[in-house]
Amino acid sequence: MVSGGVKITIKLFSALREALGESEFQLDLSDTSEASAPVDVASIKKQLSQRGAEWKEALNQPNLVHALNHKVVFTDAVVTEGDELAFFPPMTGG
Amino acid sequence: MVSGGVKITIKLFSALREALGESEFQLDLSDTSEASAPVDVASIKKQLSQRGAEWKEALNQPNLVHALNHKVVFTDAVVTEGDELAFFPPMTGG
Amino acid sequence: MSVALQSEAIDVAAEYAQLVGDSPGAAVATFTGYVRDHSDQHAVTKLELEHYPEMARKVLEDLGHSAAERFGLRSWRIVHRFGQLAVLDTIVWVGAVADHRGEAISACELMMDTLKTDAPFWKREQGPAGEQWVASRDSDTERRARWQSGEAQ
Amino acid sequence: MSVALQSEAIDVAAEYAQLVGDSPGAAVATFTGYVRDHSDQHAVTKLELEHYPEMARKVLEDLGHSAAERFGLRSWRIVHRFGQLAVLDTIVWVGAVADHRGEAISACELMMDTLKTDAPFWKREQGPAGEQWVASRDSDTERRARWQSGEAQ
């Protein structure tokens with residue numbers, strides 16, 4: 001894949017954004033995912049956790065919420081090209 | 001009791017007022033009540049029922065509400081001089 | 001912490017502003033009732049609301065105070081109209097200010113449910129089919145009973 | 001039947017007038033949330049509300065539609081602020097129009113309870129003791145769960 005492979009958008013909010021110093025970036029799934037296996041949220045968390053101790057800690061806190069294309073999902077949700085995956089702490093609006 | 005005896009005020013509302021053609025009048029308890037027995041709501045209903053068939057019917061309908069001095073009471077509530085006793089159908093405000 | 005009985009239309013915006021201005025809190029719930037254009041069986045074009053003024057005031061004040069105590073309200077207000085009303089006119093407005101949303105919302109619901117069965121107002125509907133007194137509703141009596149059984153909170 | 005996300009203060013009177021003007025019904029319930037001057041442990045002087053705009057709009061629209069279906073609403077409106085807020089500023093306003101009071105009041109309560117746990121907003125409190133993210137409340141999660149168990153109506 002010459003043009004950079006399978007890209008998704010990662011977004012981080014609230015304490016997670018603050019702890020990791022990033023709010024939005026592109027992630028290329030083809031770099032680390034195995035050739036034919038479908039990529040799910042769990043495998044993306046694993047991939048991002050390799051960026052360092054603070055990433056590992058932030059992405060493995062028990063209350064972490066994951067939203068795929070603006071909908072809260074479990075870690076087995078399958079992620080495909082062009083998706084937007086967000087990580088954040090429990091919501092406190094209202 | 002030269003000055004007219006033991007008087008209370010009777011008020012009628014809604015369908016009761018309409019059926020009986022009166023909204024407010026004075027009632028002299030000394031006319032009909034027995035000398036020493038306390039007068040209660042039931043005995044006043046009995047006294048007023050003697051005014052005619054329409055009074056008897058109106059005051060004995062099963063849903064009749066009685067309010068003594070602006071508070072809903074049962075028929076055993078004791079009535080004394082100067083009290084205000086109201087009869088009306090179930091309320092339908094709001 | 002007050003009751004108004006009035007023949008004029010209810011100015012919802014003014015009532016709200018005054019309720020919140022008097023004692024700001026974190027949570028404000030309101031309810032407004034309007035004249036329906038139909039009853040259970042009939043089309044309705046006008047409504048006459050008869051009331052027992054002294055008792056209505058006492059009942060509404062008692063029920064405001066009791067809601068305030070039960071839900072720890074910072075403030076409350078009940079406005080009820082009487083007299084001649086047209087379709088879609090305001091009939092009743094209640095507002096409750098509390099520290100938390102559950103208290104404010106439940107207080108409004110309690111005030112409305114109790115008001116319906118306990119406050120001495122009687123509706124007389126006028127429509128193409130003539131005039132009649134509105135019958136009380138079993139569903140209102142049931143909603144009222146929930147608050148005594150502890151089913152509502 | 002609409003959602004607004006805005007940084008400006010909520011004009012409660014204008015929102016009410018528009019909600020009722022669009023589709024008058026017999027029963028209108030509203031709830032307004034304001035910034036508290038204290039959190040569980042701290043004095044609060046300012047609040048910053050971070051949000052995830054696209055998702056917030058989708059979640060609030062979904063929850064308005066689902067409340068409308070569940071309670072047969074004639075209309076509804078949800079307004080939520082984001083950005084910098086001061087103490088006693090409006091944060092959120094919900095309104096529901098229905099044929100009967102129970103439906104309007106329950107719809108407001110459902111919208112608020114669901115919004116608290118499902119809409120992507122995060123509060124950051126500022127006060128004399130410094131800044132911190134507000135922790136989510138177990139009581140909110142419990143209130144939310146009542147609607148799924150059928151305990152709330």
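Each chain gets a letter, A, B and so on, in the order its sequence line appears, and its residues count up from 1.
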Contacting region of D62(D) [heavy-atom separation from chain A under 4.5 Å]: neither
W76(D) and H65(D) aromatic ring geometry - parallel, tilted or perpendicular at 30°/60° bounds: perpendicular
Pair K11(A) + E84(A), salt bridge at N-O below 4.0 Å: yes
Neighbour count >12 (heavy atoms, 6.0 Å) for atom CZ, F74(A): no
Interchain contact, K58(D) with chain A, by part (heavy-atom threshold 4.5 Å): side chain
Donor-acceptor pair between D138(D) and T141(D) side chains, under 3.5 angstrom: no
Options W133(D), F31(D), F121(D), F82(D), ranked by heavy-atom pairs under 4.5 Å with chain A, top entry: W133(D)
Over 12 foreign heavy atoms within 6.0 Å of CD, E61(D): yes
Contact origin within A56(D) toward chain A - heavy atom pairs under 4.5 Å: neither
Per-residue contact mode, R137(D) against chain A (heavy atom under 4.5 angstrom): neither
